[in-house]
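It should be emphasised that the depicted structure is a prediction, and the values quoted were computed from it without experimental measurement. In what follows, every chain begins at residue 1, and chains take the letters A, B, ... in the order their sequences are listed.
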There are 2 protein chains.
Amino acid sequence: MSNATISDVAKKVGVSESTVSRYLSGFKVRNSELIKRAIKELNYRPNIMARNLKSGKTGMVAVIVPDITNPFFAAIVRGAEVAAGDDYMLQLISTGDDPEKEEAAIRRLVGRVDGLIYVPSKENSPAISEIEAKTFPVVFVDRVISKMKNFDSVLADNHHGALLATKHLIEHGHTNIAHIAGPVTSTPGKGRAEGYSAALKDSKIDKNPDFFVESDFTVLGGYQAMMSLLNLKKRPSAVFVGNNLMTIGALKALKEAKVKVPEQMAIIGFDDHELSDLVNPPLTVISRDAHLQGALAMATLLERIKEGYQFPPKQLKVDANLVVRMSCGSTCPYRKTNADKHVLSSSISS
Amino acid sequence: MSNATISDVAKKVGVSESTVSRYLSGFKVRNSELIKRAIKELNYRPNIMARNLKSGKTGMVAVIVPDITNPFFAAIVRGAEVAAGDDYMLQLISTGDDPEKEEAAIRRLVGRVDGLIYVPSKENSPAISEIEAKTFPVVFVDRVISKMKNFDSVLADNHHGALLATKHLIEHGHTNIAHIAGPVTSTPGKGRAEGYSAALKDSKIDKNPDFFVESDFTVLGGYQAMMSLLNLKKRPSAVFVGNNLMTIGALKALKEAKVKVPEQMAIIGFDDHELSDLVNPPLTVISRDAHLQGALAMATLLERIKEGYQFPPKQLKVDANLVVRMSCGSTCPYRKTNADKHVLSSSISS
DNA sequence: TTGTAAGCGTTATCAG
DNA sequence: CTGATAACGCTTACAA
């Protein structure tokens, strides 16, 4: 039975409920030893719901991600969890990229959580009234909703990452460089597309509209996008793919079409993976620290929960790094991705 | 302000709180239209904590996994989430394979959730009193705690999967077959090791103790295990690796040691991955449906929550299938893993 | 330091 | 169908 109440304890010891309550809150009380014993014997556990009702706090933070199955989002969640420590527990929602589900979920969250770490699927998601009303604090991660740009957020330096990726391709002599983009209605989709364009412009390479294909961040989308690229009369010789899942799809297409990488098609992805250096050929990617993003988001959220909207919005950004392997035809020696090194080198800017 | 209470609504309409409460519970009341309007205007939302306190229910189910970052566990979580539908929301805990954290987490869960889906890290974890006391229903997934074998569980057919894997190797003419095992103190570690042994025995192949190395289900562990295998005076010609992460580690070791797969070393893994057919060479694996495991677990748990311990423990098992690709030297044509097909073909036995 | 009592917001009971 | 009243289990003024 875990249904002993504070009153049971009080009765057993012969004090009032308040005394037991005070003991529990760490105050000095006379019969603390007796109370301690009674609690043990009755296996008393404070009823959290009752506490929450009194305090108005829940000790919960929600994390909404498009897809927990994507290792990148899983890393964000994990980062958030470790940053929460013993203070808060996590409620997880993965929405399957469905803005309506997101909205419904957020509505259900009211009163259940003290704050929200939110990775929205689309920038043009309906501005959610619960958030606008600041019913509870929200920190956006990786993506923001455009109408809510002045909230706390922890993004990645998508623009710079894409710039690095595209320049890497250019440095390898490519001029016909395609980009398989995520939805340009999403923060990373847009940022990476812009970085791609900027790199081309910097090098005075004309943009070929055929070489820009907007997809949807999924494996299938990446596959189809690459196929359409391969069907072009004039194929690109290199492609920068806008996220991890689409890169997998693109590689599948390349393999199926028996296109040699990097000889016939150089490829660079966004977001690293434990298996990236085992695929054929080892994949050159842009990498950023998703775990850190999650942790920073949680830290920011906890601050916000504690201090309210006293301080101005924090807009953090983690940097994006080039991890050179073989898929762009690099002659560089093989470099092992070192997770630890990576974390240390991640710089944060606001 | 979402802090309007039922009493505010009642006052505004000029009825009693109970009437509003009844309206909310779907009963017929006279002024329902007025109440409806008042609720809208005041933006009233029932206070969940108060409801929970009254009802003793929380509408939450906890999921404890060793590591949300492992795509296999992520799939379980996702499966559980979709099976929960709109009835329950998920609280996620990943413990980093630390039994003590598990225990602490479970303790904190009391009163916060109506049930638990539990993937314990070790079979010999301390039998947790909260669970034994049936404070809330628990369904074990993928792994069980040995002292609690007669609880609800949804396992995989590890024995059969390992048997398939090892036989596949044998059919390719291998007799020096190693196994990189997970902890034999874990359910899958033990089951797969036993399946491996059974296959050897079936084919009257003597077990070489050098060829059995117990590891820890991590990338690093797999790497080290493979390295130790490679350092053997008499190397195996094939190896069955006991989970996805160790397989990655083993492949890294193989690559580093420039051992050709499958010519010099055939390899088969347990658990498929989106990237498995893109690594070099495409990886032959045993696959089972983690998403289904999660979904079944949630279904069982919800039943248990609703009906209590009326019905006997359900011990479900999803089957394990061989997905043949190239890493065992198969001459079979390339077969694409088809997730949909896979779900349909997953059979369940109890 | 301690006990009494009020209240957090809801729902269930019971009489009308 | 409705309204008053009493819980659910805890915390916190307030008074002693």
Side-chain angles (χ1 to χ4, degrees), chain A residues 1-36 38-60 107-114 130 135-136, chain B residues 1-36 38-60 107-114 130 135-136:
Chain A
M1 320 292 145
S2 179
N3 34 12
T5 75
I6 204 171
S7 129
D8 296 327
V9 178
K11 264 178 206 136
K12 176 146 192 167
V13 180
V15 293
S16 77
E17 299 179 18
S18 3
T19 304
V20 179
S21 172
R22 285 189 202 102
Y23 165 82
L24 290 169
S25 326
F27 284 70
K28 279 216 163 70
V29 298
R30 212 170 326 271
N31 304 15
S32 57
E33 277 312 317
L34 287 181
I35 296 178
K36 191 178 188 172
I39 286 176
K40 263 261 151 60
E41 282 169 12
L42 294 172
N43 187 28
Y44 164 76
R45 303 192 155 289
N47 179 312
I48 294 153
M49 290 309 144
R51 274 197 175 160
N52 290 346
L53 178 58
K54 270 304 274 188
S55 66
K57 298 269 160 217
T58 65
M60 285 274 169
R107 222 163 290 267
R108 291 186 65 188
L109 248 28
V110 176
R112 289 189 176 280
V113 298
D114 297 338
E130 259 73 19
T135 309
F136 44 68
Chain B
M1 318 293 141
S2 180
N3 34 14
T5 76
I6 205 171
S7 131
D8 296 328
V9 178
K11 265 179 207 137
K12 176 145 191 165
V13 179
V15 294
S16 76
E17 299 180 19
S18 347
T19 304
V20 179
S21 173
R22 283 190 204 102
Y23 166 81
L24 290 170
S25 323
F27 285 73
K28 280 216 163 68
V29 299
R30 206 162 344 257
N31 304 3
S32 57
E33 277 310 318
L34 286 180
I35 296 179
K36 190 179 191 174
I39 287 176
K40 264 261 152 61
E41 281 170 12
L42 294 171
N43 187 29
Y44 164 77
R45 304 192 153 288
N47 180 314
I48 293 153
M49 291 308 144
R51 275 198 176 159
N52 291 345
L53 177 58
K54 270 304 274 189
S55 66
K57 299 268 161 218
T58 66
M60 285 274 168
R107 221 163 290 267
R108 291 186 65 189
L109 249 29
V110 177
R112 290 189 174 282
V113 298
D114 297 337
E130 259 73 21
T135 310
F136 44 68

**Side chain proximity check, Ser32(A) to Lys36(A), heavy atoms < 4.5 angstrom** = no

**Minimum side-chain heavy-atom gap Phe136(B)-Val110(B) below 4.5 Å** = yes

**Item:** Closest heavy-atom pair and its distance - Gly56(A), Asp114(A)
**Value:** O-OD1, 4.3 Å

**Item:** Minimum-distance pair of heavy atoms, taken over all atoms of Tyr44(B) and Thr5(B)
**Value:** CE1-C, 3.5 Å

**Request:** Return no unless some side-chain N or O of Ser16(A) is found under 4.0 Å from OP1 or OP2 of dG3(C).
**Result:** yes

**Prompt:** Is the distance from OP1 or OP2 of dG9(C) to the nearest side-chain N or O of Arg51(B) less than 4.0 Å?
**Reply:** no

**Gap separating the CG atom of Asn47(A) from the CG atom of Leu53(A), nearest 0.5 angstrom** = 9.5 Å

**Request:** Work out how much the helix from dT1(C)-dA16(D) to dG16(C)-dC1(D) bends between its end axes, five pairs an end, to the nearest 10 degrees.
**Result:** 40°

**Prompt:** For Lys12(A), does the NZ atom have more than 12 heavy-atom neighbours from other residues, nucleotides or ligands under 6.0 Å away?
**Reply:** yes

**Asked** Is it the case that Thr58(B) and Asn52(B) place a side-chain donor and acceptor less than 3.5 Å from each other?
**Response** no

**Message:** Quick one about Ser16(B) and Thr19(B) (side-chain donor to acceptor, distance below 3.5 Å, no hydrogens or angles considered), yes or no?
**Reply:** yes

**Request:** Name the first nucleotide and the last nucleotide along DNA chain D (5' to 3') that come under 4.0 Å of a heavy atom in chain A.
**Result:** dG9(D) to dA13(D)

**Asked** Which residue, Val20(B), Val29(B), Leu34(B), Val9(B), forms the side-chain contact (heavy atoms from CB on, under 4.5 Å) with Val15(B)?
**Response** Val20(B)

For nucleotides 13-16 of chain C, list the nitrogen or oxygen atoms of the protein found under 3.5 Å from its nitrogen or oxygen atoms, one pair per line.
none

**Request:** Please work out if Ser21(A) contacts a base, only the sugar-phosphate, or nothing of the nucleic acid, heavy-atom cut-off 4.0 Å.
**Result:** base

**Asked** For DNA chain C, whose closest nucleotide is more 5', that of Arg30(A) or that of Leu53(B)?
**Response** Arg30(A)

**Asked** With a 3.5 Å cut-off and just heavy-atom distances, do the side chain of Lys54(B) and the base of dT11(C) make a donor-acceptor pair?
**Response** yes

**Prompt:** Has the side chain of Ser55(B) got a donor or acceptor atom that lies under 3.5 Å from a matching backbone atom of Arg51(B)?
**Reply:** yes

**Asked** When you match Thr19(B) and Ala50(B) each to their closest nucleotide on DNA chain D, which lands nearer the 5' end?
**Response** Thr19(B)

